[in-house]
Amino acid sequence: MTKMKLCGLFRPCDIDAANELKPEYIGFVFAPKSRRYVTPEEAAELKKLLAPDIQAVGVFVNEVPERIAAFLNKGIIDIAQLHGVEDENEINQLRALTDKPIIKAFCIKKSEDITNAESCLADYILLDSGEGTGTVFDWKKIQNIQRPYFLAGGLSIDNVENAVRQLNPYAVDVSSGIETDGLKDKTKMAAFVAAVRKEERL
């Protein structure tokens, strides 16, 4: 069954919607340049509202391992997602500081990117079109990938059923595709979740 991550939540009502819809993961963005940025304090308060069976992923861009580990070890998040140019050395540094899972994101543009993703030391990999660009990359490039992955980049109610059917990813990751005017839209969130689960029932 394809899992789901609803990313970029930053309001209590977003958490309420997630608790109702029950995705496996939600995401907090800790990249200061993002319009979905949350402070550690805000994330900690939101995490208290989150249902215990939903895992919180923290999205970081080129953050120092010590700071990421602090978020994990304090229980603000359950999983770290590295969405910058972090290398294997930094993944190893983070592993030495925490035993929590790590997701490494890869921007898929050429075959070398897929090779790097497949050999990555992180617990999970995420395949994207860029840093929160909200656009779809060429899925044909990843049809033969030999490792489970989170699929991100431009997913929406309109294309997620096809993505699940065509690629059977470990998980799908959505942010802008469930928003209206820059805010999470509960109706779109519910429709996205229903679309993924509908495909699973077929």
>> Please determine whether the number of non-hydrogen atoms from other residues, nucleotides or ligands lying under 6.0 Å from atom CG of Asn144 exceeds 12.
In response: no
> If we only count heavy atoms from C-beta on, is the Val38 to Val29 side-chain gap below 4.5 Å?
Replying inline: no
>> Under the criterion salt bridge (Lys or Arg N to Asp or Glu O under 4.0 Å), I'd like the reasoning laid out for Lys47 against Asp78: C-alpha separation, chi angles, the key distance, then a yes or no.
In response: CA-CA 10 Å; Lys47 180 67 157 63; Asp78 305 299; 3.6 Å; yes
> Do Leu82 and Glu90 pass the side-chain contact (heavy atoms from CB on, under 4.5 Å) test, and can you show the C-alpha distance, the side-chain angles, and the key distance before you say yes or no?
Replying inline: CA-CA 10 Å; Leu82 310 181; Glu90 286 165 289; 5.8 Å; no
>> Closer than 3.5 angstrom, by distance alone: can the side chain of Glu42 be matched with the main-chain N or O of Pro40 as a donor-acceptor pair?
In response: no
>> Classify the ring geometry of Tyr25 against Tyr170: parallel below 30°, tilted from 30° to 60°, perpendicular beyond 60°.
In response: tilted
> Are the side chain of Thr98 and the backbone of Asn73 linked by a donor-acceptor contact shorter than 3.5 Å?
Replying inline: no
>> Any non-hydrogen side-chain atom of Arg36 less than 4.5 Å from a side-chain atom of Ser176?
In response: yes
>> Which heavy atom of Leu50 sits nearest to which heavy atom of Ala56, and what is that distance?
In response: CD2-CB, 4.0 Å
>> Nearest 0.5 angstrom please: Arg147 CZ to Ile142 CD1, how far?
In response: 13.5 Å
> Do Lys141 side-chain atoms and Lys109 backbone N/O form a donor-acceptor pair below 3.5 Å?
Replying inline: yes
> Are any side-chain N or O atoms of Gln81 and backbone N or O atoms of Gly58, one a donor and one an acceptor, separated by less than 3.5 Å?
Replying inline: no
> Is there side-chain contact between Leu155 and Asp173, with at least one heavy-atom pair below 4.5 Å?
Replying inline: no
>> For the aromatic rings, using the six-membered ring if either is Trp, is the centroid distance between Phe60 and Phe71 under 6.0 Å?
In response: yes
> Are Leu6 and Val172 linked, directly or through other ILVMFWY residues, by side chains that come within less than 4.5 angstrom of each other?
Replying inline: yes
> Mind checking whether Val57 and Val196 sit in one hydrophobic cluster, side chains of I, L, V, M, F, W, Y counted as touching below 4.5 Å?
Replying inline: no
> Between Asn62 and Val85, is there a donor-acceptor pair closer than 3.5 Å when you use the side chain of the first and the backbone of the second?
Replying inline: yes
>> Under a 3.5 Å distance rule, please check whether Asp53 uses its side chain to pair with a backbone N or O of Lys22 as donor and acceptor.
In response: no
>> Looking at Arg11 and Lys184, would you say the former's side chain and the latter's main chain have a donor-acceptor pair under 3.5 Å?
In response: yes
>> So, taking the atom named CE in Met189 and the one named CD in Glu20, what distance separates them when rounded to the nearest 0.5 Å?
In response: 9.5 Å
>> Any side-chain to backbone donor/acceptor pair from Asn116 onto Asp113? Under 3.5 Å, distance only.
In response: no
>> Looking at Leu121, is its backbone amide N or carbonyl O close enough to the side chain of Glu88 to form a donor-acceptor pair, meaning the two atoms are under 3.5 Å apart?
In response: yes
> Which one of Lys100, Lys104, Arg95 satisfies the salt bridge (Lys or Arg N to Asp or Glu O under 4.0 Å) criterion with Asp123?
Replying inline: Arg95
>> Gln166 vs Trp139, test: side-chain contact (heavy atoms from CB on, under 4.5 Å). Steps then yes/no.
In response: CA-CA 9 Å; Gln166 187 178 324; Trp139 291 342; 3.9 Å; yes
